[in-house]
Amino acid sequence: MKDRAKQFKDTLERYINYRGIDIILTLKDGTVIELDKNRKMNGDVVIKNGDFGIEAEIEISSIQKADFFAA
């Protein structure tokens with residue numbers, strides 16, 4: 001199970017760094033968050049930046065799935 005978590009984190013981090021890919025995260029509580037191009041990872045946290053600073057900080061452990069789309 002730990003290998004899958006590491007693989008998910010590595011894949012997510014790689015795609016976060018590609019600006020040409022749209023990412024939609026579905027959290028374990030059912031919340032859906034679309035990450036725009038202004039995003040980054042800091043350890044085990046995905047940071048969604050907005051016009052006025054950080055809009056959301058999402059722990060990787062709270063993510064149920066991530067969908068990737070070519071923009």
key: Of all pairs that satisfy side-chain hydrogen bond (donor to acceptor under 3.5 Å, both in side chains), the ones with a partner from residues 54-67, not counting sequence neighbours   =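 Sorted result for residues 54-67: empty, none.
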Looking at every non-hydrogen atom in both residues, tell me the closest pair between [X] and [Y] and how far apart they are.
X     : Y     : answer
Lys48 : Leu35 : CB-CD2, 3.9 Å
Ile24 : Glu34 : CG1-CG, 4.1 Å
Ala66 : Leu25 : CB-CD2, 3.6 Å
Met41 : Lys9  : CE-CG, 4.1 Å

task = Please test Leu27 against Ile63 for side-chain contact (heavy atoms from CB on, under 4.5 Å), starting from the C-alpha separation and ending with a verdict.
result = CA-CA 4 Å; Leu27 306 184; Ile63 300 172; 3.9 Å; yes
A side-chain contact here means heavy atoms from C-beta on lying under 4.5 Å apart; do [X] and [Y] qualify?
X     : Y     : answer
Val46 : Ile33 : no
Val45 : Ile58 : no
Phe68 : Leu12 : yes

request  = Count the heavy atoms of every other residue, nucleotide or ligand shown that sit under 6.0 Å from CG of Asn42, and state whether that count exceeds 12.
outcome  =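 Atom CG in Asn42 is not crowded, with 12 or fewer foreign heavy atoms closer than 6.0 Å.
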Pairing residues for Asp51 by the side chain to side chain donor-acceptor pair (under 3.5 Å) criterion, not counting sequence neighbours =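 None.
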key: Test: Asp10 and Arg14 ion pair at under 4.0 Å   =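 No, Asp10 and Arg14 are not salt-bridged.
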request  = Could you state whether Phe69 and Val32 fall into the same hydrophobic cluster, counting links through intermediate Ile, Leu, Val, Met, Phe, Trp or Tyr residues with side-chain heavy atoms under 4.5 angstrom apart?
outcome  =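 In one cluster with Phe69: Val32, yes.
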